[in-house]
Amino acid sequence: MSAPRSGPPAAEAGPRQVDRFDPATVEPRWIEAWQNAGVGHADPDSDLPPYSIAIPPPNVTGALHMGHALNNTIQDVLVRSHRMAGYETLWICGTDHAGIATQAVVEKALAAEGISRQELGREAFVRRVWEWKEEYGGRIIGQLKRLGCTLDYGRERFTMDEGYVRAVLEVFVSLHEKGYIYRDRYLVNWDPGLRSAISDLEVEDREVTDTLVRIAYPLTDGSGELVVATVRPETMLGDTAVAVGPGDDRYRHLIGRTVTLPLVGREIPVIADEHVDPQFGTGALKVTPAHDPNDFEIARRHDLPRVGVIGEDGRMTADAGERYAGLTPAEAAERVVEDLGAQGLLRGSEPYTHTVPFSHRSGARVEPLVSLQWFCDMTRLAAPAIAAVEEGRVRFTPAKWGDVYLDWMREIRPWCISRQLWWGHQIPVWYRGEESYVGREAPEGEGWERDPDVLDTWFSSALWPFATLGWPERTPELERFYPTRVLSTARDIIFLWVARMVMMGYEFMGQEPFADVAIHSVVQAPDGRRMSKSLGTGIDPMDEIERHGADALRFGLLMMSSTQDVRFSQDRIDQGRQLVTKLWNAVRLVIERGGRARAEPAGAATLADRWIASRVADAIERSGAHLARYELAPLADLTYHAVFDDYCDWYLELLKAGEATPEMAGAALEQLLALAHPLMPFVTEECWSRLPGAGGLLAEHPPPTAPGPRDEAAEAELARVQEEVNALRGWRAQRGISPRRRIVAEDPHPLTGALANVAPAGDASGLESRVLLRTRSMSVGLEGEEVDAGGEIERLRGELATAEGELARAERKLADEGFVERAPAHLVDAEREKAARYAAERETLAARIAALG
RNA sequence: GGGCGCUUAGCUCAGUUGGGAGAGCACCAGCUCGACAAGCUGGGGGUCACUGGUUCGAGCCCAGUAGCGCCCACCA
């Protein structure tokens, strides 16, 4: 009887005003409250067992990106859980100076002012970078706070702060004394864009189509020519040999003779080397030791000279000859081909697609060239780090990443640690004439010049887990919190960073830097591409926080997280937001019904109470198991369903129906808030603060404990209720019967009655003639309704068909001797029970159809 | 060239030892009943990439094929 609402527009009020949860106003309050309470602060003198994590330090250039948001959410979940569980928890906070990246950003800013770093000079430039760091370095820390991360902000470190510089110097000097660090003229990956050497790990291969040119090298004695193939014709100017396969009959007679290098006139030998593939090109390989890694090795084997024709400026050197010096390699290539053509020495060309190294940093094509650099030999450092993973003292999750790590470590090569940059740890080596000095401080005496190069950023990052704790001093923090417990990261820096931390940890602390390495997903753009600013595919986590709140973002990211790459899913963030709202509203209801925190269940617990206690116990148990295995998505999922399904959908409905007590409602809610808190700290903290009887911060609450024991009987009984209620709801929906219309049933469970508006039939036999729904445990009828025989028969026939299908299926299985003999007994029994039940149902249905028809 | 991973509902993804395929979103239908319309209830929707094998039984184990992705690698 709903009269159409009419009247003045004012009366048409929208939905009733509700007290909504607003993350934008609530969340910042708690950041401050946690900070004031010292929630992230770690005390090395505490008696509690330690639990520490070192944050992968974000670059000072940076803003929080989605990968940071996920990684730091994971770490905060771990840290908050352990803090609640009674560990003295330290989450080490800090940022990385990120040599190349930061220098590039500042250079770019200078360029906008029309200044180059060279014009500014080194000292002034470095000052500018420090200013930049002061201005922007704090931004990402602020963003971590906004995400809810409970780092120990009071102990913030920077990879170039005073103490850290001491640690780096100490390590360099020590490794040099041990003979691991040495200086050598060696072929390195030269980045002409950066004008610096870069390490193997900073090189990426890209596919490029070049032209393979065939060039004739005349034999010196004039008896013919040898044709070589190359994609880099300009490098011929630096050739010092031609190599052929040792077993290649075409060229056997030429080995030991010489050819005259065109355009240059140098007489160079024809040599035999295993490296040459007779099948490729002409089977003759021009050898340019100064600009090709293979040729470099060939030259070593054959003791050939090296002629560098490309310089560190990326241009042809004087050794390339007057006609080419100063040109870019591309220009030189063109001119070389032209000149060779003029001399009639070209023997054809073809397009050739191959992979070519590019700088990961500047994007420039890497120019391999021989250069004087500092290297660190890794073989001795690697040994204990390999053993650690083999023996399980450092465990990767998922374990396959341990194999990837080991494969790389076992083939480890020297690490080029010097960079021709200005921003970074300057190499602690001084020169005076032929003398050199390696030390923590400048040597005594006049005329010493410090090595201008700086160390690879990862050299300092490798010390992070112990340098941040005060090493080389034996500080209380170091004693207490090293080794850390877990390193959380994506897989892309396993070699660059993780492996090097393990090596340095063993070398300088004699202990692994962390017990676990938890590798999480890389978050891709929704279309599967990389999230990147330049591609325009980036999604800013701060935008998501602004729109949906940090809790929703955290939950969504955890749901997405996995062991493989995942596409960013807005829907998961929405799911998080819904859980936030649900929790909020649940608390409102519980408060309204007199629920309290820390409530002692007064009277006898009801069935519903026993059931929710058991469900909460189950959720807590499972969450602990997931947490221990770094399974964050299942953890988030079970939290969602514990709150949504068990507590809100079922338990609170029972509470409203008077079948549960406010005491248990409060007690269970308290534990669910504690359970969800590490995932969604803000809304849970806010809810906690509103719950009568609650005091103190949820962040400092003990870990969730079940408000009652596991209760199989209660769970089984409620499963029956759920089955009945679901059947009734489905039936009502199908028949268009309002939930408000009361129906009768033969022997419904009392809770079914309460939830589904069902009353026991006064006269069960009377009901039998108008049974409209049958579940495993009850028959349902509608009072006052005459059964429409036709429609009812049709419906019953449908049910009959289903029952017969199920029966046939069960019988088929039971007829299978293999199944009956070999399957576990409980499965066979279950199948027998099923067969019996459906057989009975078939009879009942057939009888009812007969009665109606 | 070597290695690793992926392929499950329209979309994004779960699926722990092999024992009747799940979630969120989307879609359809019905609901304002005092926690929640940022909601509730119900529903439809899948040849688990393909082929073969092992097994009483395979999304799951094995072999192979195809497509996609990632990592490592010194063939001009």
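Each chain gets a letter, A, B and so on, in the order the sequences are listed, and its residues count up from 1.
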Measure the distance from CZ on A/Arg572 to P on B/A38 and round it to the nearest whole Å. 21 Å
Do A/Arg491 and A/Asp565 meet the salt-bridge criterion of a basic N to acidic O distance under 4.0 Å? yes
At less than 4.0 Å, is any side-chain N or O atom of A/Ser562 found next to OP1 or OP2 of B/A14? Yes or no. yes
Nucleotide paired to B/G67 in any strand shown, Watson-Crick or G-U, under 3.5 Å: B/C6
Looking at A/Gln578, does any N or O in its side chain come under 4.0 Å of the phosphate oxygens OP1/OP2 on B/G39? yes
Have a look at A/Tyr647 and say if it touches a base, only the backbone sugar-phosphate, or nothing, with a 4.0 Å heavy-atom cut-off. nothing
Can a salt bridge be assigned to the pair A/Arg206 and A/Glu204 using a cut-off of 4.0 Å between side-chain N and carboxylate O? yes
Under 4.0 Å, counting only non-hydrogen atoms across every strand here, what does A/Glu204 touch: a base, just sugar-phosphate, or nothing? nothing
Please work out if A/Arg740 contacts a base, only the sugar-phosphate, or nothing of the nucleic acid, heavy-atom cut-off 4.0 Å. base
With respect to the side chain of A/Gln564, which nucleotide from B/C6, B/G42, B/G19 is positioned closest? B/C6
Base of B/G20 paired with side chain of A/Arg809 (donor-acceptor, under 3.5 Å): yes
Respond yes when some side-chain nitrogen or oxygen of A/Lys400 is under 4.0 Å from OP1 or OP2 of B/G5, and no when none is. no
Without hydrogens or angle criteria, can the side chains of A/Ser521 and A/Ser561 be said to hold a donor-acceptor pair below 3.5 Å? no
Whole Å only: how far is the CG atom of A/Leu654 from the C1' atom of B/A35? 15 Å
Calculate the interatomic distance between A/Asn585 atom CG and B/G34 atom P; express it in whole Å. 14 Å
Say you pick atom P in B/C50 and the same atom in B/G59; how far apart are they, in whole Å? 11 Å
Whole-Å gap separating P (B/C40) and CH2 (A/Trp650): 14 Å
Atom-to-atom span, CE of A/Met559 to P of B/G24 - whole angstrom: 9 Å
Return the value, rounded to whole Å, for the distance between atom OH of A/Tyr651 and atom C1' of B/A35. 15 Å
Side chain A/Tyr647, main chain A/Ala665, donor-acceptor under 3.5 Å: yes
Should A/Arg593 be listed as having a side-chain N or O under 4.0 Å from OP1 or OP2 of B/A35? yes
Rounding to an integer number of angstrom, what distance separates B/C31 and B/G20 when you compare their P atoms? 38 Å
Whole-Å gap separating C1' (B/C36) and CZ (A/Arg588): 7 Å
Going 5' to 3' through nucleotides 68-76 of chain B, assign each nucleotide B (protein heavy atom under 4.0 Å from a base atom), S (under 4.0 Å only from sugar-phosphate atoms) or - (no protein heavy atom that close). --S-SBBBB
Nucleotide paired to B/U32 in any strand shown, Watson-Crick or G-U, under 3.5 Å: none
I'd like to know if the side chain of A/Trp731 reaches the main chain of A/Ile737, judged simply by a donor and an acceptor atom lying under 3.5 Å from each other, with no hydrogens or angles considered. no
A/Asp492 CG - B/C4 C1' separation (whole Å): 16 Å
Give the ring-plane orientation class for A/His354 versus A/Tyr352, where under 30° counts as parallel, over 60° as perpendicular and anything between as tilted. tilted
Check ion pair A/Asp816-A/Lys813 (N to O, under 4.0 angstrom): no
Which one, B/A35, B/G20, B/G42, comes nearest to the side chain of A/Asn726? B/G42
Which listed nucleotide (B/G24, B/G34, B/G20) is nearest to the side chain of A/Asp571? B/G24
I'd like to know if A/Glu592 and A/Arg588 make a salt bridge, using a cut-off of under 4.0 Å between side-chain N and carboxylate O. no
Taking the side chain of A/His641 as heavy atoms from C-beta outward, which of B/G19, B/G24, B/A38 is closest to it? B/G24
Checking contacts here: which listed nucleotide (B/C4, B/G19, B/C36) is nearest the side-chain heavy atoms of A/Lys582? B/C36
Donor-acceptor pair, side chain of A/Arg250 and main chain of A/Pro278, under 3.5 angstrom: yes
